[in-house]
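Quick notes on the structure that follows.
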Amino acid sequence: MKTKSLYPYYLIWPALFIYCIFFVLPALIGLFYSFTDWRLDRETLKFIGLDNFQQIFSDKTLVLALKNTFIFAIVTVIGKNVLGIALAIGLNMRLKSKNLLRAIFYSPSILSVLVISIVFTPMLRTDGTINKFLEAIGLGVIGQSWLTDPTIVIWTVALVSIWQHTGFQMAIYLAGLQSISKEYYEAATIDGAGAWSTFSKITLPLLLPAININLMLTLIGGLKVFSEVFVLTGGGPGNASQVVGTIILRSFGEGSWGMGTAINTLLFAAVTVISIPLLIFMRRKEVAE
Amino acid sequence: MNHKMKKAATGVIASLLALSLAACGSNSNSPAGTATNGGSGSSGSKVTLELAISKSSQDSAFVAQDLLDAFEKETNIKVNLQLLPAEQTATVLQTKLAVDETPDIIQYNLASAVTDLNLERNFEILDSEPWVSRLLNKDVLSANDHVYSFHVSQDTGMQGVVYNKDMFKELNLSIPTTFEEFLAVCEAIKASGVTPVFMPFKDNWAANIWPGAAFADYAAKNDPTLFDDLNSNKKKWTDIPEFAALLDQQYQVFKKGYTNPDILSDSYDMAVGKFLDKEVAMMFMGDWLIENVAEKDPSIHLGLFAIPSSKDASLGASPLGGQLFIPKKAKHMAEAKKFLEFIATKEQAQKMVDAQGYVSNFNDVTTPKLPDYKQEIVDNYITPKKTVLTTDAHMLVDRSELYRNLQDQFAGAKTPEEVLSAWNDKFAQLMKDKGVAGF
């Protein structure tokens with residue numbers, strides 16, 4: 001009877017050790033602190049059970065931040081993936097300039113979010129480039145105070161995020177498309193299938209692994225959003241664009257460290273509860289196809 | 001045997017990796033070692049003091065290179081600056097103090113140090129330092145009857161309406177003393193084609209200049225124990241309808257079209273340029289703005305008058321800013337105290353007071369001839385005792401949520417009453433979290 005070698009498993013030890021020290025351990029310590037009144041101005045810690053979590057849901061700003069976080073996550077998941085697939089299909093065709101176009105569409109995703117802030121903040125002013133352009137083409141009526149109107153600010157930040165990251169999603173979809181054998185398309189052509197049938201019966205099912213990866217990446221990224229909001233609006237005007245990430249920063253700024261870790265724990269739980277069932281569901285679909 | 005060797009080798013590699021990781025951590029986590037050896041490499045005995053300061057305070061007189069060089073030359077002690085991001089100065093310092101990675105000296109604001117940094121727990125009492133006996137005004141450096149901070153000046157930042165005196169002269173306008181007069185002045189300036197008031201409320205703290213002075217003026221005139229009552233929960237912020245009226249005044253200036261149109265997109269760093277280009281005539285701000293404009297163009301004459309929220313209002317006086325503090329856990333306590341002693345010497349303090357136009361806080365250091373705008377403030381407000389400590393000085397908690405609520409008012413999301421109600425709730429929660437009696 002042949003014994004299975006354990007050798008490859010030993011190689012995992014260093015990585016596992018690093019992972020435990022820098023992720024698992026801090027996460028467990030954070031979980032402990034979320035049940036305490038850990039504050040800048042307290043000498044000692046007191047275990048306060050679920051008080052922090054009760055206080056979280058009585059804070060109107062945090063409820064608004066949760067709503068904003070979900071709006072941002074849903075809008076960016078849909079935007080980045082629909083546009084990403086569309087761009088990938090377009091740039092998977094026989095175009096002379098496809099390499100140049102791929103580079104152009106991918107380039108925003110390698111820019112720092114600070115650069116995005118420097119570029120977009122003046123463009124999105126009430127008297128900024130975007131409104132002036134809309135006015136010049138006769139669409140001045142749809143001009144907005146993009147970053148200072150509380151009713152639309154989170155949507156604006158989501159659109160900027162879609163603009164920046166769609167190229168990255170496109171690259172993953174392109175890789176997925178290129179792994180689909182051309183024979184399927186040739187057979188479909190012989191059978192007289194139309195463009196929609198080819199897309200829905202061949203491309204989409206075989207692209208499911210890439211869709212799965214992109215959905216998870218965009219969803220988790222959307223729920224954990226911080227940098228885009230922080231650099232473009234700082235959570236403002238007022239609290240209009242606060243998301244869970246900026247509220248965590250606010251709590252630490254106020255010296256309420258126990259509360260900050262409690263909100264972080266809640267975010268971790270929300271991301272886990274939403275993403276794991278989705279992952280399982282998508283994996284099953286993959287197998288079924 | 002072969003399998004055992006592989007196992008052993010893997011174990012050794014894993015241990016080495018872990019050790020190297022621990023070594024990296026240890027190295028990056030040793031400011032004490034760095035500080036002891038300073039930048040002198042092999043000299044061994046040279047001490048380097050770590051002075052933490054916000055990036056926005058880089059022009060502080062305490063960190064001028066010639067001062068630091070002179071200190072190093074005399075004492076062989078080097079001062080290394082830790083520049084902290086302006087928006088996160090409080091958070092970074094809180095973290096450093098919490099994890100005992102304390103700098104040797106910190107530049108901060110005394111009133112904010114009480115609320116943000118737990119002054120009593122974290123900072124050294126300086127009562128017995130040799131320079132304290134020479135102070136003219138201990139109060140501006142003290143909290144709870146102890147001197148906790150250092151400065152050569154006793155000037156506090158004055159807050160009111162910064163205005164272009166030349167424009168007022170050209171339009172034959174006089175300084176308004178009531179809100180109605182102020183609106184009339186705005187109308188006249190607007191008619192001349194200039195924006196009357198610049199509101200850079202992208203920086204939410206800027207929206208607090210008007211209420212900060214106006215609330216304090218109201219309390220001083222009508223209810224001197226008001227802030228004590230608010231701090232002990234005997235009164236609530238929503239109990240004072242006059243506060244809502246004062247918030248509405250500032251909003252009216254915006255609603256009547258006397259400001260820059262995109263106030264929530266414009267930030268404070270644009271202010272100097274707006275005055276230099278003569279695009280605006282006034283701004284609710286502190287006298288530091290006048291100094292910043294004068295540095296760029298001394299030919300522009302700016303002045304300061306009190307926020308005209310009520311008849312003959314007092315000028316807002318903010319708590320003295322930019323003092324130096326020594327953390328209790330400073331790694332080089334003696335050397336840090338020596339640095340303060342050095343700046344406090346008659347020679348160094350006089351240099352600093354002369355260069356900055358400070359009102360000296362030492363009995364043997366002479367106050368130089370003050371700039372015109374400052375002399376006017378002294379003559380019109382300080383000497384006749386028409387100043388009032390701004391509301392911020394009376395609040396024991398982080399004020400950022402109040403500032404955000406003020407921003408909400410200008411975004412059209414809250415009425416003045418809703419601003420006060422939201423702040424009342426947050427204030428109570430922060431005071432409760434802080435463990436203040438009565439909440």
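Computed from a predicted structure; not experimentally measured. Here is the naming used below: chain letters follow the sequence lines, and residue numbers restart at 1 for every chain.
Remark: B:Trp205 CH2 is packed, more than 12 non-hydrogen atoms of other residues, nucleotides or ligands lying under 6.0 Å away. Within a 6.0 Å sphere centred on NZ of B:Lys328, heavy atoms belonging to other residues, nucleotides or ligands number more than 12. Around atom CZ of A:Phe70, no more than 12 heavy atoms belonging to other residues, nucleotides or ligands sit under 6.0 Å away. Within 6.0 Å of atom CZ in A:Phe226, more than 12 heavy atoms from other residues, nucleotides or ligands are found, so the atom counts as buried in its surroundings.
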Exercise for review: Evaluate the criterion side chain to side chain donor-acceptor pair (under 3.5 Å) for residue pair B:Gln429 and B:Asp433; output intermediate values, then yes/no.
Suggested key: CA-CA 6 Å; B:Gln429 181 218 314; B:Asp433 290 348; 3.2 Å; yes

Check your understanding: Given B:Tyr148 and B:Phe123, is the ring pair (Phe, Tyr, Trp, His ring centres under 6.0 Å) satisfied, shown in steps?
Key -> CA-CA 7 Å; B:Tyr148 275 99; B:Phe123 293 99; 7.8 Å; no

**Study point:** Check against side-chain contact (heavy atoms from CB on, under 4.5 Å), B:Trp237 and B:Phe243
**Key:** CA-CA 8 Å; B:Trp237 291 84; B:Phe243 278 1; 3.5 Å; yes

Check your understanding: Would B:Thr89 and B:Lys55 count as a side chain to side chain donor-acceptor pair (under 3.5 Å) if you check the C-alpha gap in whole Å, the side-chain angles of each, and the deciding distance to 0.1 Å?
Key -> CA-CA 8 Å; B:Thr89 303; B:Lys55 270 187 183 170; over 6 Å; no

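In this structure, a donor-acceptor pair under 3.5 Å is present between the side chains of A:Thr126 and A:Ser145.
Going from atom OH of B:Tyr403 over to atom CZ of B:Phe201 covers 12.5 Å, rounded to the nearest 0.5 Å.
Residue B:Asp116 touches chain A through its backbone alone, counting heavy-atom pairs closer than 4.5 Å. At a 4.5 Å heavy-atom cutoff, the contact between A:Ser256 and chain B is made by side-chain atoms alone. Within the 4.5 angstrom heavy-atom criterion, no atom of B:Ser400 approaches chain A. Residue B:Asp408 touches chain A through both its backbone and its side chain, counting heavy-atom pairs closer than 4.5 Å. Of the two parts of B:Lys414, neither the backbone nor the side chain holds a non-hydrogen atom closer than 4.5 Å to a non-hydrogen atom of chain A.
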Show every donor-acceptor pair shorter than 3.5 Å between a side-chain atom in residues 231-241 of chain A and any protein atom, with sequence neighbours excluded, or say none if there are none.
unit_1, atom_1, unit_2, atom_2, d
A:Thr233, OG1, A:Val229, O, 3.1
A:Thr233, OG1, A:Gly235, N, 3.1
A:Thr233, OG1, A:Ser241, OG, 2.7
A:Asn239, OD1, A:Gln242, NE2, 2.7
A:Asn239, ND2, B:Glu401, OE2, 2.7
A:Ser241, OG, A:Gly235, O, 3.3
A:Ser241, OG, A:Gly236, N, 3.3
A:Ser241, OG, A:Gly236, O, 2.7

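Using a 4.5 Å heavy-atom cutoff, the side chains of B:Gln94 and B:Leu117 are in contact.
Residues of residues 57-66 of chain A lying under 4.5 angstrom from chain B, judged on non-hydrogen atoms, are A:Asp59, A:Thr61 in numerical order. Within residues 255-264 of chain B, the residues approaching chain A closer than 4.5 Å by heavy atoms are, in numerical order, B:Asp262, B:Leu264.
Contacts with chain B were tallied for A:Met259, A:Gln55, A:Arg125; A:Arg125 has the most, counting heavy-atom pairs under 4.5 Å. The residue among B:Arg121, B:Gln407, B:Lys202, B:Gln409 with the most heavy atom pairs within less than 4.5 Å of chain A is B:Arg121.
Screening residues 128-142 of chain A for side-chain hydrogen bond (donor to acceptor under 3.5 Å, both in side chains), with sequence neighbours left out, gives A:Asn131-A:Trp146.
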